[in-house]
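As the structure is a prediction and not an experimental result, all values here were calculated from the model.
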Amino acid sequence: AVITAQSEKVDALKTHKKGLMQRLFPRVGETTPRLRFPEFRDAGAWERKHLSEIATLYKGKGISKSDIKINGTQPCVRYGELYTIYSEVINKIISKTDLSASGLFLSHKGDVIIPASGETKADIATASCVTQEDVALGGDLNIIRSSENGIFLSYYLNGPLRFVIAKVAQGDTVVHLYKTQLEQLCFAIPTESEQQRIADCLSSLDALIAAQSEKVDALKTHKKGLMQQLFPAVEEMEI
């Protein structure tokens, strides 16, 4: 019952985050969000720009599954990990490789990465911001390098812009997303200070979700250990 209640709390936070993202960013085609922090309510509309005006796009370089080493020296991100491991902000790198850095594409702090291919058009619109320097970014990744706030862009791309990205992606069985398509994305951008405020708000909420999720995992581990102690081991049973 405690595990169920804790899991429901996590689900409620995730639902709250989803609703918040829908209100903190303008709807497609609009330039003003429905919800703004008090200090920005009189700041006027956001400025519409193409992604190509505020960012330079690159493509990552191949890192295969066999290149991943537990004790590797070079931190790296492969495109499949965006679907399975990471969310909007990548603070801790899971994978490492021993490939030479000279042959890899290395991140700048604040780079935003999006898969260049995927199984569905909805899934391919999955963005993450890399908050560390010199992380190797694998092939099949589009890299958005901008002077704008990378964490803000990541949440934005995963929010209202997700549906716009899904529309421009090509293919059915295997979906492709090219940098030329991303460059043509047109959306409204606020001031740097408002970007930071939104990024901080959503990052704090994600930290709360992560902390509550860890409690669920801890409870499940506790239950598993308790069950092992409350019942006899197999070798102790009479057959």
Side-chain angles (χ1 to χ4, degrees), residues 17-18 21-22 24-28 48-65 75-95 104-189 195 198-199 202-203 206:
K17 174 190 171 183
K18 186 176 180 180
M21 288 175 69
Q22 290 174 342
L24 283 173
F25 299 104
R27 292 182 234 190
V28 176
R48 289 185 63 82
K49 291 185 178 181
H50 286 95
L51 187 58
S52 59
E53 295 179 71
I54 61 171
T56 303
L57 277 75
Y58 302 92
K59 188 79 179 292
K61 292 188 178 179
I63 302 172
S64 67
K65 190 174 181 180
C76 63
V77 175
R78 298 180 66 244
Y79 94 101
E81 294 172 343
L82 268 63
Y83 299 117
T84 58
I85 298 175
Y86 299 118
S87 57
E88 284 93 352
V89 184
I90 303 177
N91 289 314
K92 182 180 178 181
I93 306 299
I94 303 299
S95 299
L104 300 172
F105 187 98
L106 301 181
S107 69
H108 286 185
K109 184 178 180 180
D111 280 352
V112 177
I113 52 179
I114 300 180
S117 64
E119 293 184 359
T120 70
K121 292 183 177 181
D123 287 341
I124 203 169
T126 302
S128 296
C129 177
V130 182
T131 61
Q132 299 177 29
E133 294 276 340
D134 297 329
V135 176
L137 305 177
D140 243 8
L141 282 175
N142 289 302
I143 297 134
I144 302 170
R145 184 164 291 170
S146 172
S147 58
E148 306 293 336
N149 188 301
I151 295 176
F152 166 84
L153 281 178
S154 181
Y155 282 114
Y156 202 171
L157 291 166
N158 278 321
L161 295 179
R162 187 182 190 93
F163 307 103
V164 180
I165 294 171
K167 285 182 179 180
V168 300
Q170 297 180 351
D172 294 312
T173 306
V174 178
V175 181
H176 297 283
L177 183 62
Y178 301 103
K179 73 171 192 173
T180 51
Q181 295 167 320
L182 286 170
E183 286 172 339
Q184 295 308 308
L185 287 179
C186 187
F187 52 94
I189 291 284
Q195 290 181 38
I198 292 170
L202 294 174
S203 295
D206 267 342

Check your understanding: So L185 and V164, side chain to side chain contact (heavy atoms under 4.5 Å, CB included) or not? Walk me through it.
Key -> CA-CA 8 Å; L185 287 179; V164 180; 3.4 Å; yes
Practice item. Compare all side-chain heavy atoms of V77 with those of Y86 and state whether any distance is below 4.5 angstrom. Key: yes
Check your understanding: Do I114 and L141 touch side chain to side chain, with heavy atoms closer than 4.5 Å?
Key -> no
Check your understanding: Which heavy atom of S154 sits nearest a heavy atom of A127, and at what distance?
Key -> OG-O, 3.3 Å
Exercise for review: Indicate yes or no: at least one non-hydrogen side-chain atom of R78 is less than 4.5 angstrom from one of K65.
Suggested key: yes
Exercise for review: Just say parallel, tilted or perpendicular for the rings of Y58 and F105, cut-offs at 30° and 60°.
Suggested key: tilted
Review point. Listed by chain and number, what are the side-chain hydrogen bond (donor to acceptor under 3.5 Å, both in side chains) partners of S203, not counting sequence neighbours?
Key: none
Review point. Between the side chain of T131 and the main-chain N/O of I90, is any donor-acceptor distance below 3.5 Å?
Key: yes
**Study point:** Donor-acceptor under 3.5 Å (S107 side chain, Q132 main chain)
**Key:** yes
Review point. Quick one: side chain to side chain contact (heavy atoms under 4.5 Å, CB included) partners of Y83, sequence neighbours excluded?
Key: Y79, P115, D123, I124, T126
**Study point:** Least distance between heavy atoms, C76 atom then I93 atom
**Key:** O-CG2, 3.3 Å
Check your understanding: Do S117 and H176 come within less than 4.5 Å of each other through their side chains, counting heavy atoms only?
Key -> yes
Review point. For the atom pair CG (L157) and CG (L182), what is the distance rounded to the nearest 0.5 Å?
Key: 8.0 Å
Check your understanding: From H50 NE2 over to F187 CZ, what is the distance, rounded to the nearest 0.5 angstrom?
Key -> 10.0 Å
Exercise for review: Kindly compute the distance separating CG (L202) from OG (S87), expressed to the nearest 0.5 Å.
Suggested key: 11.0 Å
Review point. Which pair of non-hydrogen atoms, one from C129 and one from G150, has the smallest distance, and what is that distance?
Key: SG-C, 3.5 Å
**Study point:** Non-neighbouring partners of A199 that pass side chain to side chain contact (heavy atoms under 4.5 Å, CB included), sequence neighbours left out
**Key:** N149, I151, F152
Review point. At what distance, to the nearest 0.5 angstrom, does CG of L106 lie from NZ of K61?
Key: 9.0 Å
Check your understanding: Taking only residues two or more places apart in sequence or in another chain, which ones pass salt bridge (Lys or Arg N to Asp or Glu O under 4.0 Å) with D140?
Key -> none
Point to revise | For N158 against E88, the heavy-atom pair lying closest together | key: ND2-CG, 3.0 Å
Review point. Rounded to the nearest 0.5 Å, how far apart are NZ of K59 and NZ of K179?
Key: 10.0 Å
Point to revise | Check: F25 and I198 side chains under 4.5 Å, non-hydrogen atoms | key: yes
Point to revise | Distance (rounded to the nearest 0.5 Å) between L161 CG and K167 NZ | key: 12.0 Å
Review point. S95 and E81: side-chain donor and acceptor closer than 3.5 Å?
Key: yes
Check your understanding: Can you list the residues that meet the side chain to side chain contact (heavy atoms under 4.5 Å, CB included) rule with V168, with sequence neighbours excluded?
Key -> L177, Q181
Check your understanding: Taking E183 as the fixed residue, which of L57, N142, I144, L51 is the one that meets the side chain to side chain contact (heavy atoms under 4.5 Å, CB included) rule?
Key -> L57
**Study point:** From CA spacing to verdict: side-chain hydrogen bond (donor to acceptor under 3.5 Å, both in side chains), D206, Y155
**Key:** CA-CA 11 Å; D206 267 342; Y155 282 114; 2.6 Å; yes
Exercise for review: Could you name each residue pair satisfying salt bridge (charged side-chain N to carboxylate O under 4.0 Å, His left out) that touches residues 142-156, not counting sequence neighbours?
Suggested key: D111-R145
**Study point:** Derivation and outcome, side chain to side chain contact (heavy atoms under 4.5 Å, CB included), residues D134 and H108
**Key:** CA-CA 6 Å; D134 297 329; H108 286 185; 5.9 Å; no
Point to revise | Heavy-atom pair with the smallest gap, counting every atom of V28 and P160 | key: CG2-O, 3.7 Å
Exercise for review: Start with the C-alpha distance between R48 and E53, add both sets of side-chain angles, then the distance that settles salt bridge (Lys or Arg N to Asp or Glu O under 4.0 Å), and finish with yes or no.
Suggested key: CA-CA 10 Å; R48 289 185 63 82; E53 295 179 71; over 6 Å; no
Review point. Hey, are the side chains of L153 and S146 touching, using non-hydrogen atoms and a 4.5 Å cut-off?
Key: yes
